[in-house]
Student: 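Okay, here's the structure, questions in a sec.
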Protein chains: 2
Amino acid sequence: MHLNRFSSFLVRPSIKTIAEQSGVSKTTVSFVLNGRGNEKNISAETQKRVLDIAQRLNYQPNHLARSLSMGRSYTIGFVVPDISNPFFSKIARLVEHYAEERGYSVMVASTDEKPEKEQKILTAFTNRQIDGVIIAPTTELVSSKIANLPMVNFDRNFNDKDDNFVTINNSETANQLTQKLIGKGCQKIGLVGLSSFLPNINERIDGYKEALTNNGLFINQSLIIDVNTNLIKQDVESAIHQLLKEEVDGFLFLNNVLAAEGIWLVNKHYPQLIDKIKFASFDNLDVFDYAKPKVTSALQPGDEIARNCVEMLFKQIEDKEQSGSIRLSTTIIER
Amino acid sequence: MHLNRFSSFLVRPSIKTIAEQSGVSKTTVSFVLNGRGNEKNISAETQKRVLDIAQRLNYQPNHLARSLSMGRSYTIGFVVPDISNPFFSKIARLVEHYAEERGYSVMVASTDEKPEKEQKILTAFTNRQIDGVIIAPTTELVSSKIANLPMVNFDRNFNDKDDNFVTINNSETANQLTQKLIGKGCQKIGLVGLSSFLPNINERIDGYKEALTNNGLFINQSLIIDVNTNLIKQDVESAIHQLLKEEVDGFLFLNNVLAAEGIWLVNKHYPQLIDKIKFASFDNLDVFDYAKPKVTSALQPGDEIARNCVEMLFKQIEDKEQSGSIRLSTTIIER
DNA sequence: ATCTCTTAGTAAACCGCTTTAGTATGTTTA
DNA sequence: TAAACATACTAAAGCGGTTTACTAAGAGAT
């Protein structure tokens, strides 16, 4: 055994310490501290004695030992492509909040949209015995499914079965955003998306196409651009140039990162066009509130997403019950 | 013992399983799997046999058991006021990255600037036996210091001794930002800050005052406003009204949240003034790049902050060595 | 022929908790 | 007056690892 960091001058009290000092067995101490004293017929005096001593020693349970013994760590994982993306960090905050309410802690990690990194993270987390994971996956997660880890997907999903999945009405939202642009007079709308192999992104593209068709506009494949996640800066830049060469009069960005980057580039390279072109974006950003140009955006219900994810996960962990999928509505913010 | 989630149909192999299947003791398996086979005189054949079987069974170590035994969890905590604040979430991402490089996982939590919540989080984390914590504290953390948990402070610090602390040159940066505003013709600069009991905030205020004095401008206390963290929206709104009543021609915001809120409000209530007033903000926001009005901001070196925090923490954890404080430089981005 | 070294391992304690299957004593009930 | 029951507790195994202190067998040195 290694020395732990307390042993040199201060030993963290364990239930053994309490047991010795109160003259009862470890078993009794464990029962009392877990509030099972009455159920287990421990007399009131003994219970009081144990509790007093625990308090006096400022006893804190070793959660690791507890977890090892119970096969439950009361810790969940939150795995996303990039925790510094405001969309994800807002949800992280809320997940943390709802998890804490139930005594769970949260480990986070970013996958960078890389399947190998995702796999590594999931392995590290399951080895740490997390009880479940909330994830915006980058790939199919087959091997973790096999390991039978309770899991809730959000934002995207690769399973054929729409199990344990929290998402938004992607195609409808894209349809509405496109409709707004058309309503503002746009006739030629460029779409800047990414990772079009992601189901949620595909739905967004479908919504966009639907809106065009409904309004008698052409679907022009050269106006639909798929950016490489690993080359966002460069790819968005060439997308902007290309689309403006095609003389688009509106942009639909499929997420906040693309929108922020794209708008910045239009500002930089084509300031004369900035007032003539309309912008719409999936995901809201706080700054859209005051920044120019005005951007029409789709606000995802972060709080509901987080709450549903946590609830679904706990349903799996605690009740061994699977959930179906939930599709939440976005709020279109017109500016 | 509870059944763990595998037991119904699939038992996770343990070193015991490997030991049985390879006909050696648990001890030997442990040595081999930890790469100490040669050191411990385990023959090459035995090592190969053990490793092969481990691989075939797809053995994954139970990190909890390991941690319990070793008194080390290879997990650290990252505790900030609000993980959804981009300043913190960016650092979180980097901390996660540097921690992962060394095989550590990261638990995060938000304190909401509330000391009781901070204390609860720290208790939950230490009970989970984290090896150390990187924290932007809201209070003095006396009790955790007593528990002897390796800890690195960043952004702010309440200890008299400047130990294990990563920060930026607050007063110099505030001075420079103020100077920039003056250089743009401002004569009456309103300061919107918060939590002025925080040492780092105080330094920023000092820098602001210094710049005024150096330029022969008056320090007017009624232009220095302290916002209540729990009432940011309301307080910033009244601050803006009050300062504009005083006819300020420049704003210095002491962090990104205040800046975003303040600029939005000026835009909303005083659009006619937006081009006449100059804005400067501590912390950069991506949107400052393209948003109007132009904001001069101080970019904190997130990567260096994160790297230094992680390094300092590991110095404490692994080498039992304390570090002094590091003060990093910001980059002023003029717009 | 004995002593010492090296090689190749292993038994068992331990980390701190939970839980099962008891025990011992007194109290009812038939 | 023995059997059944309730009360108040406990010993010990187990979770899955790590580590210390040994053992047993063969090789080399004296």
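All heavy atoms count here, side chains included; hydrogens, waters and symmetry mates do not. Protein chains get the first letters and strands the later ones, always in sequence-line order, with residue 1 at the start of each. In this text the structure is predicted, and so the values were computed from the model without any measurement.
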Student: Would B:Thr46 and B:Ser43 count as having a side-chain donor-acceptor pair, cut-off 3.5 Å?
Tutor: yes

Student: Could you tell me how far apart A:Leu57 (CG) and C:dG16 (P) are, to the nearest whole angstrom?
Tutor: 14 Å

Student: Could you check whether B:Glu113 and B:Thr138, counting side-chain N and O atoms only, form a donor-acceptor pair closer than 3.5 Å?
Tutor: no

Student: Tell me which nucleotide among D:dT18, C:dC17, C:dT19 gets nearest to the side chain of B:Ser30.
Tutor: D:dT18

Student: Kindly say whether A:Asn153 contributes a backbone atom to a donor-acceptor pair with the side chain of A:Asn157 at under 3.5 angstrom?
Tutor: no

Student: Could you run through DNA chain D and flag its stems, i.e. three or more consecutive Watson-Crick or G-U pairs with both distances under 3.5 Å?
Tutor: C:1-29 with D:2-30

Student: Could you work out which one of D:dT19, C:dT19, D:dC15 sits closest to the side chain of A:Leu68?
Tutor: D:dC15

Student: Got a donor-acceptor pair under 3.5 Å from the side chain of A:Lys26 to the base of C:dG16?
Tutor: no

Student: Can you classify the ring geometry of B:Phe87 versus B:Phe154 as parallel (below 30°), tilted (30 to 60°) or perpendicular (above 60°)?
Tutor: tilted

Student: Keeping the roles fixed (side chain from A:Asn34, backbone from A:Arg36), state whether a donor-acceptor pair exists under 3.5 Å.
Tutor: no

Student: From C-beta outward on A:Ser25, which listed nucleotide comes closest to its side chain: D:dA11, D:dC15, D:dT7?
Tutor: D:dA11

Student: Carefully, step by step, assess B:Asn127 and A:Gln60 under the rule side chain to side chain donor-acceptor pair (under 3.5 Å).
Tutor: CA-CA 7 Å; B:Asn127 289 354; A:Gln60 295 292 340; 3.1 Å; yes

Student: How close or far is atom C1' of D:dT18 from atom CD of B:Glu39, stated in whole angstroms?
Tutor: 13 Å

Student: Can you see if the side chain of B:Arg66 gets near the phosphate of D:dG16 - specifically, an N or O under 4.0 Å from OP1 or OP2?
Tutor: no

Student: Can you figure out which of D:dA11, C:dC17, D:dT19 approaches the side chain of A:Ala65 most closely?
Tutor: C:dC17

Student: Using a heavy-atom cut-off of 4.0 Å across all strands, would you classify B:Ser67 as base, sugar-phosphate, or nothing?
Tutor: nothing

Student: Roughly, in whole Å, what's the span from CG in B:Asn34 to P in D:dG17?
Tutor: 10 Å

Student: Contact class for B:Lys16 (heavy atom, under 4.0 Å): base, sugar-phosphate, or nothing?
Tutor: nothing

Student: Expressed as a whole number of angstroms, how long is the span from B:Ile42:CD1 to D:dT23:C1'?
Tutor: 14 Å

Student: Let's see if you can work this out: which of C:dC15, C:dC17, C:dT20 has an atom nearest to the side-chain heavy atoms of A:Asn62?
Tutor: C:dC17

Student: A:Gln316 vs A:Ser323, test: side chain to side chain donor-acceptor pair (under 3.5 Å). Steps then yes/no.
Tutor: CA-CA 8 Å; A:Gln316 282 182 73; A:Ser323 309; over 6 Å; no

Student: Under a 3.5 Å threshold, yes or no: a donor from one side chain and an acceptor from the other, between A:Ser89 and B:Ser84?
Tutor: no

Student: Over all strands shown, is A:Ser14 touching base, sugar-phosphate only, or nothing at heavy-atom distances under 4.0 angstrom?
Tutor: sugar-phosphate

Student: Does the side chain of B:Arg72 get closer than 4.0 angstrom to OP1 or OP2 of C:dC15 through an N or O atom?
Tutor: no

Student: Ignoring the backbone of A:Ser43, work out which of C:dT18, D:dA8, D:dA11 is nearest its side chain.
Tutor: D:dA8

Student: Would B:Gln129 and A:Arg12 count as having a side-chain donor-acceptor pair, cut-off 3.5 Å?
Tutor: yes

Student: Take atom CG of A:Leu64 and atom P of D:dT18, then tell me their distance rounded to the nearest Å.
Tutor: 13 Å

Student: Tell me which of B:Tyr59 and B:Lys40 sits closer to the 5' end of DNA chain D, going by the nucleotide each one is nearest to.
Tutor: B:Tyr59

Student: For A:Gln47 and D:dT7, give me the distance from atom CD to atom P, rounded to whole Å.
Tutor: 14 Å

Student: For C:dT6, take OP1 and OP2 only and decide whether either is under 4.0 Å from a side-chain N or O of B:Asn41.
Tutor: no

Student: Given atom CG of A:Asn38 and atom P of D:dC9, what is their separation to the nearest angstrom?
Tutor: 12 Å

Student: Is the phosphate of D:dC15, meaning OP1 or OP2, less than 4.0 Å from a side-chain N or O of B:Arg12?
Tutor: no

Student: Counting the atoms with a prime plus P, OP1 and OP2 as sugar-phosphate, which does A:Thr27 contact under 4.0 Å by heavy atoms, base, sugar-phosphate, or nothing?
Tutor: base

Student: Separation of A:Gln60 atom CD from C:dC17 atom P, in whole Å?
Tutor: 11 Å

